[in-house]
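Proteins get letters first, then strands, A, B, ... in listed order; numbering begins at 1 in each. Heavy-atom basis, side chains included; hydrogens, waters and symmetry copies ignored.
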Amino acid sequence: MAELTLVEAVNDALHTELARDDNVLVLGEDVGRAGGVFRATAGLRDRFGPDRCIDMPLAEAGMLGAAVGLCMAGWRPVVEMQYDAFSYPALDQLITHVGRYHWRTGGRMQFPITIRMPYGGGVRAPELHDDSPETYYVHASGIKVAIPSTPADAKGLLAAAIRDPDPVVIFEPKFVYRTARGEVPEGEHIVPLGRARIAREGADVTLIAYGAMVPVCERAADELAGEASCEVVDIRSLRPLDEETILASVAKTGRVVIVHEAPRTVGFGAEIAAIIAERAIFDLQGPVLRVTGFDVPYPYWTIEDSYVPSVERVAAAVRKLIA
Amino acid sequence: MAELTLVEAVNDALHTELARDDNVLVLGEDVGRAGGVFRATAGLRDRFGPDRCIDMPLAEAGMLGAAVGLCMAGWRPVVEMQYDAFSYPALDQLITHVGRYHWRTGGRMQFPITIRMPYGGGVRAPELHDDSPETYYVHASGIKVAIPSTPADAKGLLAAAIRDPDPVVIFEPKFVYRTARGEVPEGEHIVPLGRARIAREGADVTLIAYGAMVPVCERAADELAGEASCEVVDIRSLRPLDEETILASVAKTGRVVIVHEAPRTVGFGAEIAAIIAERAIFDLQGPVLRVTGFDVPYPYWTIEDSYVPSVERVAAAVRKLIA
Amino acid sequence: MSESELLELYRRMVLLRTYDERSVVYHRQGRIGTYAIFWNHEAIQAGATFALDDDDWIFPSYRESAIGLVRGMPAETILHWWRGHPSGWWNPAEWNVASICVPIATHVPHAAGLAWGKKLRGESGVAMAFFGDGATSEGAFHEGVNLAAVMNAPAVFVCNNNQWAISTPIEAQTRAETLADKAAGYGIPGVRVDGLDVLAVYEAAREAVERARAGGGPTLIEAVHYRAAPHATADDPSAYIDLARVDEERAHECVGRYESFLRDAGLLTDELVASVRKDAEDLMRAAIAAVEAEAPPDPELLFTHAYVDPPPNMRNG
Amino acid sequence: MSESELLELYRRMVLLRTYDERSVVYHRQGRIGTYAIFWNHEAIQAGATFALDDDDWIFPSYRESAIGLVRGMPAETILHWWRGHPSGWWNPAEWNVASICVPIATHVPHAAGLAWGKKLRGESGVAMAFFGDGATSEGAFHEGVNLAAVMNAPAVFVCNNNQWAISTPIEAQTRAETLADKAAGYGIPGVRVDGLDVLAVYEAAREAVERARAGGGPTLIEAVHYRAAPHATADDPSAYIDLARVDEERAHECVGRYESFLRDAGLLTDELVASVRKDAEDLMRAAIAAVEAEAPPDPELLFTHAYVDPPPNMRNG
Ligand SMILES: Cc1ncc(C[n+]2csc(CCOP(=O)(O)OP(=O)(O)O)c2C)c(N)n1
Ligand SMILES: Cc1ncc(C[n+]2csc(CCOP(=O)(O)OP(=O)(O)O)c2C)c(N)n1
Ligand SMILES: [Mg+2]
Ligand SMILES: [Mg+2]
């Protein structure tokens, strides 16, 4: 075990998986010579050569489209999108091809593409460096999506994604890239897709979150210690989704607050709420609340702290439920 | 009043609005010389000239980006995307610019762009002519979205969109383009965004739908006539959303089935279910059910009828609720 | 080219022509859905692919739906595709023919990636992508060709310039004098050929493939002709096209032209023409019979191939 | 150019240089966020825009964040932008300067649309868009320039070829010999100029603007130089760039070069240099004071300008 930051754990996973499987290659803007703008790909080019860690021309759609062709040639490409909002030019390739090509071949060809990108706000950046685009990705059929909140999960989920036979998108919460620190198993380490994590046990209220909102929920749970015992569920994997862990927690507490940074309308919180409304309605002792980004453009950073769900907003929602 | 098909009503709205406001222009692929592949823009080029109804180069992102610039020059562009899935290349412009530019100017400049496109399945077409992409659009902040199910609404919502100061996306259900017929007011006709329509009154179960799923729900209501009295709510406008009409119906019936063609995960049904789970939980007498497309690629058309929600599937959901 | 090669090329053109003509009839009989007619595009498709080896890859658009025929793909597979039947979905690696690309130009980066990926592996294999004049306006075309050029990938980009994108004429698509001019912007050779002259297309493709194999990178080939049929069965061109011009174009169509050339060269007799046509017709007749005999698909196929390792709630709906 | 014009151009270069240098310091003081340094890009920005009238439009990328200064936009507005303060958001129509475009190349179609839209209205007005060498790989660049060309729109596309896209060198971006070569693919003139020679840039832009005004359509200008500063304050180029080469480039930077020219021409004295610099520094000092005096924004601004006519549930969160 080594103590690593979240972005170091990502780097560790890439080193481990490239060493393990000669078919894995990394491509993206500035991933090679510079080692990535967040240094997530540091050392890969030196270690594995410029043909395994490739600086691509500035063209996100072209890059993801090329990854489709690389799969046809037997590669397992790991594509970095430099920032959340700069992945949007590639949505067309994602929706029309990446998610459908396996199906289109009658299941005869696999497209084990991993797309990873830093996402989310709070880092005092210019506009379009702060988006939480998971809805666009998880709505696309044929795609899997995972979002770690801890360094160990960042390594394990990325490794699982790289080995997965289907296309997987990993969103890495850049707000905690360097502040989330923790023990990370050395060498090969896999966290299977599709299993939620109980980040904290509790009895009265279930807080459901992923990415940088997990520590926010944990802090809210701390703050509420005298008032309510909060269980924090870290979803980790949005597709496949571990509905059973969510439902078991709701069955226990009867009260739910779902937290994410993305805008509320058809954010992933809507899906979780809908699943609860379908499968756990008689367990509920109160409304299913969502604490989310607002349905407005992500703001300039002097007021971003009023946009991103805060400990206060989460705690207020819990207090509403237990009042 | 004239009896028109849905696509004729779209054409009528365009003729009326171009005649009314010299600043409105129509652009798209094959909208001019050919009058649109569904003839939605028929007659516009002859009547208003090739500078008001423009055949664009084959570039959806460029087209929508150009529309942003056209707004800066004082135009109100109406952009046709030829088919649902062919709008995806333009998602980047939509998310990064169309929905944010007004905000970016501190509210000083308006971007009254209308995007319209045929959407949805059931028409026996090759792949990628059948998608229901509303989630991608309604999740994008700064954007409004409306979906008519009747000819009169197709005209009125499109006219409202064209006159709206914000960017609005209109999805036109191509499955009923020529089969939905109805009285359409002649001349200027507006259906304001943000008001749902009670397509049919009922007491026992609320069916919530939009687009081509509204007639499916109506037929399901017919079929269930002896078993349950179904209220059918036609959402019409996804943003702004008429939450009050939904909640009033749920308060009355206590039972809800939400129906859409799009894949289930973070489909718009999730948002409606989440709103109900938050605001109407104590009105509910059963789970909130969704009847939707599956989380798989839209299939080849020989089996598409098993994908698109059918009268049978809707009826089965209702029967589950009233059992 | 040897005599037998010249005749094999002819055989392929006739096969494609026969497929196309029979498909239009089959569509009129209501047995397949909308169909993208490629009548008079046969010289481009047969000529360009004739320069390939079997381990080279073909990336077709809907306009080249039947191009697998030149590799021996069963015609019923392609008929099934247009019929919306799952038997129309094939394994690209079986034929080295990618799936038919319906959205415009988005397969160009796939071809770039495949070619580059083969090169990275040290494997031989050229990727040849087909697309239309309209496709050159799309960002995907630009990004794909640029990427292939930068990676020095063994790719050949064949633009079928039929001068129309549905109803949009080439003048509304580009201001460039030729589409081959676009090659300069990627630092690769651009060649313009007569798209109705199968030997000219073949020659341009042969050079491009040779260059690609020799490590010289991609080539852009513009094959010029004029769309002499509707865009697709659903299209009525009378609203936008000069039908007299179309008739003129049809008069010097490419299969007949090559036929005359072969006859003049003494390579083709009436008997041979008849037998080649008959073979093609027999093949199509058998294919249609096979299609008609195929059982309707099981709706379970909605789910079967969505994922290799499907998420449990995929079936919820 | 008249003497006063030559001096005005100098004044603008110094203003831009001063803005840039003061911003880097201001960033180091922790008063603004990440900042995209444009040191030694002043000749391109001042030179190209000098060819414009006030009713022509400028479409900047982040690299031209301060280009509004040439139109008299207050420096504090731009400082506010980099500070993430809403006072940094301006009305494009007030200055005919579009908002700073953060994503690469996506403003190219905006410029095309504005230029075309002006033309459709019969109004005068040229659109000039700035972007980098990396931007030419994006589909948005391609689609925007093609569209402007087809519409014969009065647009000028200025590519700041500083030979790097963050850490990616131009050879990894394109195989074309020059970026100006891309113009042929759009059927428009392409011009390559020394991006450190402000008069050469101006001359190329003047010709392009004249052509655009005369109905001759768009031009692509490639202004070549070499990035002599980090990509942005957050960037450490030592990992990927040859710092000796950078030092060399810094030695013949563009403001000093123009200064020498003006001195040689007898147009510039030490006093004038000092006064121009002082004016620029005063302006920056005042701007920084204004920024420091500005109240922090009201969080209510989250909602204020999201929509003209906001949906009722926008505030739910
Ligand atoms: C991205 C995308 N946009 C629009 C369409 C609809 N569409 C189908 S074919 C076509 C015209 C294509 O013209 P061209 O590239 O010249 O090829 P051709 O059909 O002439 O062979 C269009 C606009 C599409 N399939 N994909
Ligand atoms: C669509 C998109 N992808 C990636 C980025 C991240 N990014 C910011 S600047 C930059 C390099 C741009 O290089 P170039 O176009 O040469 O302009 P320069 O910065 O050199 O002026 C990149 C990749 C972005 N802003 N937008
Ligand atoms: Mg064409
Ligand atoms: Mg650059």
Revision key, fill the gap. If you tally heavy-atom pairs under 4.5 Å between each of C:Ala184, C:Ala183, C:Gly144 and chain D, the highest tally belongs to C:Ala184
Review point. What pairs with D:Ala306 under side-chain contact (heavy atoms from CB on, under 4.5 Å), at least two apart in sequence or on another chain?
Key: A:Val296, A:Pro297, D:Met314
Revision key, fill the gap. Residues passing the side-chain contact (heavy atoms from CB on, under 4.5 Å) test with D:Ala98, sequence neighbours excluded, are B:Met72, B:Tyr101, D:Phe59, D:Pro60
Here's a test: name every donor-acceptor pair under 3.5 Å between chain D and chain C, with the distance for each.
from	atom 1	to	atom 2	distance (Å)
D:Thr136	O	C:His142	NE2	2.7
D:Ser137	OG	C:Asn146	ND2	3.3
D:Gly139	N	C:Glu143	OE2	2.5
D:His142	ND1	C:His142	ND1	3.4
D:His142	NE2	C:Thr136	O	2.7
D:Glu143	OE2	C:Gly139	N	2.5
D:Asn146	ND2	C:Ser137	OG	3.3
D:Asn146	ND2	C:Gln173	O	3.0
D:Ala149	O	C:Arg175	NH1	3.3
D:Asn152	OD1	C:Arg175	NH1	2.6
D:Gln173	O	C:Asn146	ND2	3.0
D:Arg175	NE	C:Gly187	O	3.2
D:Arg175	NH1	C:Ala149	O	3.3
D:Arg175	NH1	C:Asn152	OD1	2.6
D:Arg175	NH2	C:Gly216	O	3.0
D:Lys182	NZ	C:Gly185	O	2.7
D:Gly185	O	C:Lys182	NZ	2.7
D:Gly187	O	C:Arg175	NE	3.2
D:Gly216	O	C:Arg175	NH2	3.0

Study note, to complete from the structure: Looking only at heavy atoms, the pair that brings C:Gly185 and D:Ala176 closest together is O-CB, 3.4 Å
Review point. Excluding sequence neighbours, so at least two apart, what forms side-chain contact (heavy atoms from CB on, under 4.5 Å) with C:Ala205?
Key: C:Ala48, C:Ala51, C:Met128, C:Ile221
